[in-house]
Amino acid sequence: MSQSRISWKSLALAATLVTGSLHAQATYHLSRSIDGPIIAGSMIGLSLDWQWRSQMQAFSASDLQALDPSQVPVFDRYALGRWSPSAGEVSDVALIGALGLGASSSLHADNLHQFLVIGVMWAEANMVTGTLTDMTKHLVHRARPYAYDPLVPLETRMDTDARRSFFSGHTSVSACNLFFASKILADQYPEHPLKPWVWATAAIIPAYTGYQRIRAGEHFPSDVIVGYAVGALIGYMMPVIHLD
């Protein structure tokens, strides 16, 4: 038998021992009293968000000149003078990865019903996180760090998106998906040998995503911290409120 075949068999055996031999110990349920308000509230929020987005005005040249870096809290000034489109691209990749890990949570289900229930829970978690994030952005209208930087292209600084700094959507959505996925696994497999590493991953990836958003000049540290907290709370609590 070749070495490659032995290696593949070893990996398959390891995967079976880690996951296949463990049986899901938690079940989730949907209910009108819980999911009705979540879905209705999210839809109303999305509708308001689209209205506010259409009414948002971009910075004018005089608005940009009036931005005063000295008015930025000391803690947040770390983000000023930073502008890195490549860091923004890295944060996009991290966000996509987090979404994929969150969506894969349904694969831990024992049956089709639970597969669908977890899928609905994941969609709800992202709807709530996304709606709350965008509504806050439109209510606060905080200028992004790059808006203060005269070296950044003027058309970028004058775009309406330059007013959407608080709070970080990349960070909130990443945290939501990673904490959601980790909570599902922790509920399903309380004795899973990889559980500590899963929680460590859930903590690190959103933090890394947020750091890249700061490097990109897209967000202040406080934007990232609040986004992390909001996303992590929603991602963690969504399975909790659906547990049987």
Side-chain angles (χ1 to χ4, degrees), residues 18-20 22-47 49-50 91-137 167-190 192 194-210 213 226-244:
V18 171
T19 58
L22 298 173
H23 298 286
Q25 298 187 22
T27 56
Y28 306 96
H29 70 281
L30 303 177
S31 69
R32 292 180 181 178
S33 61
I34 294 175
D35 301 285
I38 289 175
I39 295 173
S42 296
M43 296 304 294
I44 292 171
L46 285 171
S47 177
D49 179 49
W50 278 110
S91 69
D92 290 342
V93 172
L95 173 62
I96 293 171
L99 284 165
L101 289 171
S104 70
S105 300
S106 290
L107 299 178
H108 297 296
D110 267 353
N111 53 64
L112 179 59
H113 175 71
Q114 283 295 292
F115 177 88
L116 296 174
V117 169
I118 295 174
V120 170
M121 289 161 48
W122 172 78
E124 289 178 346
N126 280 280
M127 286 174 61
V128 173
T129 302
T131 301
L132 184 58
T133 300
D134 274 359
M135 290 183 69
T136 303
K137 286 177 180 289
F167 46 88
S168 171
H170 277 64
T171 309
S172 64
V173 174
S174 294
C176 170
N177 279 270
L178 267 298
F179 276 77
F180 177 88
S182 299
K183 179 58 176 167
I184 293 292
L185 189 142
D187 287 344
Q188 299 282 38
Y189 313 122
H192 199 298
L194 298 181
K195 191 167 70 172
W197 295 101
V198 171
W199 280 115
T201 301
I204 292 171
I205 292 181
Y208 175 77
T209 304
R213 298 303 285 170
V226 173
Y228 190 112
V230 170
L233 179 62
I234 294 172
Y236 183 89
M237 290 303 299
M238 193 61 70
V240 171
I241 63 176
H242 286 90
L243 267 173
D244 278 340

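Worth knowing before you read on, the calculation uses all heavy atoms, side chains too, and leaves out hydrogens, waters and symmetry mates. Note that this is a predicted model, so its numbers are computed, not measured.
Using modelled atom types, one side-chain atom of Ser106 and one backbone atom of Gly119 make a donor-acceptor pair closer than 3.5 Å. In terms of modelled atom types and a separation under 3.5 Å, the side chain of Ser172 and the main chain of Gly169 share a donor-acceptor contact. For the pair Thr136 (side chain) and Leu132 (backbone), a donor-acceptor distance under 3.5 Å is present. When atom types are taken as modelled, the side chain of Asn177 and the backbone of Val173 share a donor-acceptor pair closer than 3.5 angstrom.
Between Asp244 and Tyr28, every side-chain heavy-atom pair lies at or beyond the 4.5 Å cut-off. Using a 4.5 Å cut-off on side-chain heavy atoms (C-beta onward), Asp110 and Thr27 make no contact. Asp92 places a side-chain heavy atom less than 4.5 Å from the side chain of Arg213. With contacts defined as side-chain heavy-atom distances shorter than 4.5 Å, the pair His242/Leu30 qualifies. Residues Leu112 and Leu116 form a side-chain contact, since some pair of their non-hydrogen atoms from C-beta on lies under 4.5 Å apart. In this structure the side chain of Leu185 never reaches within 4.5 angstrom of the side chain of Trp199, judged on heavy atoms. His192 has its side chain out of reach of Val198: every pair of non-hydrogen atoms, C-beta onward, lies at least 4.5 Å apart.
No side-chain donor-acceptor contact under 3.5 Å links Asp187 and His108.
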Q: Check the pair Glu124, Ile34 against side chain to side chain contact (heavy atoms under 4.5 Å, CB included), reporting the backbone distance first and the verdict last.
A: CA-CA 11 Å; Glu124 289 178 346; Ile34 294 175; 5.7 Å; no
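Once rounded to the nearest 0.5 Å, the distance linking CG of Leu101 with OG1 of Thr201 reads 8.5 Å. Between the CZ atom in Phe180 and the OG1 atom in Thr129 there is a gap of 10.5 Å [rounded to 0.5 Å]. Separating the CG atom in Asp49 from the OG atom in Ser42 is a distance of 11.5 Å, to the nearest 0.5 Å.
In terms of heavy atoms, Ser168 sits closest to Thr171 at OG-OG1, 2.8 Å. A pairwise comparison of heavy atoms in Ala175 and Pro206 identifies CA-CG, 3.5 Å as the closest pair. Residues His170 and Ser91 come closest through the heavy atom pair CD2-O, 3.6 Å. Considering all non-hydrogen atoms of both residues, Ala181 and Gly102 come closest at CB-CA, 4.2 Å.
Remark: Lys137 pairs with no residue by the salt bridge (charged side-chain N to carboxylate O under 4.0 Å, His left out) rule, at least two apart or across chains.
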Give the table of side-chain donor-acceptor pairs shorter than 3.5 Å for residues 228-239, with sequence neighbours excluded, one pair per line with atom names and distance.
unit_1: Tyr228; atom_1: OH; unit_2: Ala203; atom_2: O; d: 2.8

